[in-house]
There are 2 protein chains.
Amino acid sequence: MPRIPAAERRAALVQAALRVVATQGVAAATTRAIVAEAGMSLASFHYAFSSRDELMHELISFVVAHEEAAVLPGPYGDASLRDIIRAGLQRYADLLRADPLREQAMLELTQQALRSEGMEPLARLQYDHYYTLAAAALTTAAEHTGTSWILPVEEVARLLVVLTDGLTVSWLVDRDDAAAASVMDFAADALAGLGRQS
Amino acid sequence: MPRIPAAERRAALVQAALRVVATQGVAAATTRAIVAEAGMSLASFHYAFSSRDELMHELISFVVAHEEAAVLPGPYGDASLRDIIRAGLQRYADLLRADPLREQAMLELTQQALRSEGMEPLARLQYDHYYTLAAAALTTAAEHTGTSWILPVEEVARLLVVLTDGLTVSWLVDRDDAAAASVMDFAADALAGLGRQS
DNA sequence: GTCTATAAAGTGATAGAC
DNA sequence: GTCTATCACTTTATAGAC
């Protein structure tokens, strides 16, 4: 292996760890599995990171920072608030169907953080990030439809995250697309009901 | 240790495993940790179970079978459908606050099942059980208020489970009681909106 | 900087005395 | 049936050659 700056090596290991966690779960993300995925030797791992915990910490920070707002953005046209929300949820569902293991990995990493001494703040950061992304998307959607939220947008954002979280878990368990569609219909109706023409 | 029938020993080990999973997480539920919790020797474990996998299998079956319908039942009086649902959600939230690690353990066990070869059906069984419990409670609540659901009750049940699941995850992350109350208000309003006087 | 080799500790599972 | 002792293996982490 050529000499690679430590920073690059760290990044490569984080990427490899994410792939291992997604395909095989957190429990299978041993240092050996990670370096194998990255095509490195075991010693290189500890040259870049002082411990496996340090990598997991950085991995969670990484996924938190790079989680995109995949839910609401999209071409709005002259769609209603309800339809914008429904379409956004559909985009998320499509993403989930396309890469279920990735979303499963996100859930596992959250729980891993909640169980690891000193990493709970990372889980909180992860969800704060979700709420922020959701609030931004909901604000844009409201603006495009000339509506305003009858609750603080932060509360609506939390509802959206709660609904997508629950949707994710239930779909991962039984992969029932029809049931998921029913949930999304309900969610779009209910959330749009929190908007008023202004 | 006195001679204990294998069935009792298995039950005791399952109980011990559940305590370990709840307090320290699935990853920490090693055979040694479990027998220590149960006050047995390591060899006793393999006398009762042929493998750790067999125990985990039985543990998940056990929690699935014993999960109670804690959500909706309660004194109804002449409360509205909305208030019955809201009160049921509150009872669940109180349960969650009283024993957060237990609910966290349930989520972890679900994900463990989804990741383990051949155990996915158990996760599906777990959620089928949730849906059944929720549907029964919703049916009773509708009967007591002379309403009927405008959707199949199975779909409403799934919505209730999705909402409580999402509520659970978000509360476990930030322990924000006020936000949880806001989510429950929304959920009760939205679900009650699916009932019509009949 | 990168490797091989190995240490030190933990894992599930078993053998064999009693 | 129940125990102690131990096997075979995997884990994280490090030492030391190059």
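Here is how names work: the chains are called A, B, and so on, in the same order as the sequence lines, proteins then strands, and each is numbered from 1.
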Whole-Å distance, B:Met56 CE to C:dA13 P, equals 12 Å
* Under 4.0 Å between a side-chain N/O of A:Ser41 and OP1 or OP2 of C:dC3, yes or no? -> yes
For residues 22-35 of chain B, the side-chain hydrogen bond (donor to acceptor under 3.5 Å, both in side chains) pairs (sequence neighbours left out) are none
Between A:Gln90 and A:Arg86, do the side chains contain a donor N or O and an acceptor N or O under 3.5 Å apart? yes
Scoring nucleotides 13-18 of chain D by protein non-hydrogen atoms under 4.0 Å (B base, S sugar-phosphate only, - none) yields BB----
It should be established whether B:Arg9 places a side-chain nitrogen or oxygen under 4.0 Å from OP1 or OP2 of nucleotide D:dG1. no
A:Arg196 meets the salt bridge (Lys or Arg N to Asp or Glu O under 4.0 Å) criterion, sequence neighbours left out, with none
- prompt: Between A:Asp176 and B:Tyr127, do the side chains contain an N or O donor and an N or O acceptor separated by less than 3.5 Å?
  reply: no
Should the ring pair B:Phe49 and B:Phe45 be called parallel, tilted or perpendicular, given that the plane angle runs from 0 to 90° and is split at 30 and 60? tilted
